[in-house]
Amino acid sequence: MKFQNILVTTNNNLAQVTINRPKKLNALNKVTIEELHEAFEALEDNENIKVILLTGSGEKAFVAGADISEFANFSVNEGSSLAREGQEMLFNFIENLSIPVIAVINGFALGGGLELAMSCHFRIASDNAKMGLPEVSLGVIPGYGGTQRLPQLVGKGKAMELIMTAGMITAADALNCGLVNHVTTQEDLQSLAEKIAGKIMRNSSVAISGAIKAVNANFEDSVNGFDIEINEFGNCFGTEDFKEGTTAFLEKRKPNFPGA
Ligand code: COA
């Protein structure tokens with residue numbers, strides 16, 4: 001895969017996607033969003049990949065937001081399309097990916113950058129990271145799912161305050177309010193990400209994809225999450241991974257999941 005604004009590397013079962021516009025603090029322009037979609041789609045089709053890490057290049061930013069220079073002159077209709085197409089193409093797409101995606105927040109995660117991190121399955125951050133949704137300071141609101149996913153993660157009151165003040169919080173505050181799961185030094189961030197990915201990769205990838213669907217169903221109005229859980233639970237009983245997992249337990253050995 002050849003991309004202009006992102007880097008994609010794979011190492012055995014682990015993939016890393018790096019947004020690579022450090023001079024623009026990795027701001028998300030149209031091309032970057034399209035390339036990210038293409039990369040995630042290809043990685044999901046690659047049966048070797050069990051975990052994807054998403055990060056930003058350089059030491060300053062994960063992503064400093066949607067690229068303001070691209071939408072500054074948009075009309076109402078163009079604004080709606082920007083949000084709708086971005087949500088469908090990237091943010092909802094990542095959230096519903098069958099492979100776990102971890103946001104590795106290595107610096108500023110602002111606006112669309114925080115929204116991107118929030119569409120990942122969970123987040124870890126370096127201690128220099130700053131997070132926020134500054135859109136109202138530009139006269140706009142978050143449009144890539146931020147008004148929905150931030151309250152899911154931190155609660156309504158905290159989300160309202162962050163959005164209304166357009167303020168930034170530190171990594172330590174983000175850890176306190178549940179926005180990120182772990183904080184470490186910038187130096188140790190990659191190894192922490194790989195350590196967590198390693199723990200995930202030991203488990204059944206088929207079961208994990210079922211769990212992603214069931215957990216996500218909790219946040220969808222149109223479906224009953226308990227029903228989705230029952231369905232996904234039942235499906236596991238027809239998988240080779242389930243046979244291997246239960247057999248290995250009974251034989252007192254570590255499972256070697258075929259991922260099917
Ligand atoms: N869109 C487009 N360009 C952006 C950007 C964004 N969201 N965020 C940063 N950049 C660009 C800057 O314009 C600058 O480009 P230039 O060197 O060609 O002038 C470059 O990235 C470096 O940013 P700069 O502002 O000089 O760095 P800083 O260290 O002084 O400030 C921030 C860092 C993150 C506080 C500041 O860049 C910022 O506020 N960015 C916008 C954040 C935002 O509002 N995001 C939500 C968008 S909806």
Side-chain angles (χ1 to χ4, degrees), residues 3-7 17-37 54-95 103-120 123 125-154 158-174 177 179-180 183 186 189:
F3 295 113
Q4 191 184 316
N5 292 339
I6 65 171
L7 305 169
V17 177
T18 306
I19 298 154
N20 189 31
R21 299 181 77 208
K23 287 190 182 142
K24 294 289 174 189
L25 303 187
N26 304 320
L28 290 179
N29 61 1
K30 191 167 185 282
V31 173
T32 309
I33 288 180
E34 286 166 358
E35 289 187 349
L36 284 168
H37 171 83
L54 176 62
T55 195
S57 87
E59 297 196 336
K60 203 166 162 184
F62 173 72
V63 170
D67 192 320
I68 298 167
S69 65
E70 269 193 355
F71 63 73
N73 296 319
F74 272 13
S75 66
V76 170
N77 284 344
E78 287 171 318
S80 303
S81 299
L82 180 76
R84 185 177 305 105
E85 285 164 18
Q87 287 189 18
E88 285 168 6
M89 186 185 291
L90 187 59
F91 298 76
N92 299 351
F93 189 75
I94 291 179
E95 184 168 57
V104 181
I105 304 175
N106 55 312
F108 289 114
L110 301 173
L114 181 57
E115 290 174 299
L116 183 63
M118 290 193 295
S119 69
C120 296
R123 291 142 290 285
S126 55
D127 51 15
N128 65 312
K130 295 258 171 64
M131 283 157 252
L133 293 178
E135 284 86 346
V136 298
S137 71
L138 297 164
V140 67
I141 70 167
Y144 288 146
T147 63
Q148 305 304 297
R149 293 192 181 97
L150 187 61
Q152 288 169 5
L153 287 163
V154 306
K158 184 83 190 163
M160 285 286 196
E161 183 183 343
L162 264 171
I163 290 169
M164 289 174 188
T165 59
M168 287 187 213
I169 59 170
T170 61
D173 288 341
C177 68
L179 187 52
V180 302
V183 173
Q186 192 157 47
L189 187 63

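As the structure lists them, so they are numbered: ligands from 1, and atoms in each ligand from 1.
- If you number the atoms of ligand 1 from 1 as listed, the ones under 4.0 Å from a heavy atom of Asp67 come out as 1 (N), 2 (C).
- In this structure, the side chain of Glu70 engages the main chain of Lys30 through a donor-acceptor pair within 3.5 Å.
- The nearest pair of heavy atoms linking Val104 to Thr55 is O-OG1, 2.8 Å.
- Within the listing of ligand 1, atoms 20 (C), 21 (O), 22 (C) sit less than 4.0 angstrom from a heavy atom of Lys23.
- Nearest protein neighbour of atom 38 (C) of ligand 1, counting heavy atoms only, is Leu110 CD1, 4.8 Å.
- Counting only N and O atoms by type, the side chains of Ser126 and Asn128 include a donor and acceptor under 3.5 Å apart.
- Between Glu70 and ligand 1 there is no heavy-atom distance shorter than 4.0 Å.
- Residues Asn77 and Ser80 have side chains that never bring a donor and an acceptor to within less than 3.5 angstrom of each other.
- Between Leu162 and Thr165 the shortest heavy-atom distance is O-OG1, 3.5 Å.
- When non-hydrogen atoms are compared, ligand 1 lies under 4.0 Å from the side chain of Leu138 (C-beta onward) but not from its backbone.
- The minimum heavy-atom distance between Val63 and Asn26, with the atom names listed, is CG1-O, 3.3 Å.
- Looking at atom 5 (C) of ligand 1, its nearest protein heavy atom turns out to be Ala27 CB, 4.0 Å.
- Among all protein heavy atoms, the one lying closest to atom 35 (C) of ligand 1 is Met168 CE, 4.0 Å.
- With contacts defined as side-chain heavy-atom distances shorter than 4.5 Å, the pair Leu179/Leu150 qualifies.
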Got a list of side-chain donor-acceptor pairs under 3.5 Å for residues 109-119, not counting sequence neighbours?
residue: Glu115; atom: OE1; partner: Gly112; partner atom: N; Å: 3.4
residue: Glu115; atom: OE2; partner: Gly143; partner atom: N; Å: 3.4
residue: Glu115; atom: OE2; partner: Tyr144; partner atom: N; Å: 2.9
residue: Glu115; atom: OE2; partner: Gly145; partner atom: N; Å: 3.4
residue: Glu115; atom: OE2; partner: Gly146; partner atom: N; Å: 2.8
residue: Ser119; atom: OG; partner: Leu116; partner atom: O; Å: 2.8

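- For atom 27 (O) of ligand 1, the nearest protein heavy atom lies under 4.0 Å away.
- Remark: among candidates Ala109, Pro134, Ser137, the nearest residue to atom 43 (C) of ligand 1 is Pro134, based on non-hydrogen atoms.
- If you check each of Gly65, Gly143, Ala64 against atom 42 (C) of ligand 1, the one with the closest non-hydrogen atom is Ala64.
- Taking distance alone, with nitrogen or oxygen atoms compared against 3.5 Å, Ile68 approaches ligand 1 more closely than that limit.
- Close N/O approach between Ala66 and ligand 1 is found [any backbone or side-chain N/O within under 3.5 Å].
- Any N or O atom pair closer than 3.5 Å counts here, and Glu135 shares no such pair with ligand 1.
- The single protein non-hydrogen atom nearest to atom 10 (N) of ligand 1 is Lys24 O, 3.8 Å, given as residue, atom name and distance.
- Not a single protein heavy atom sits closer than 4.0 Å to atom 13 (O) of ligand 1.
- Nearest protein heavy-atom contact of atom 36 (C) of ligand 1 is Leu25 CD1, 4.6 Å.
- Atoms of ligand 1 lying under 4.0 Å from any heavy atom of Lys60, numbered from 1 in the order shown and given with element: 27 (O), 28 (P), 29 (O).
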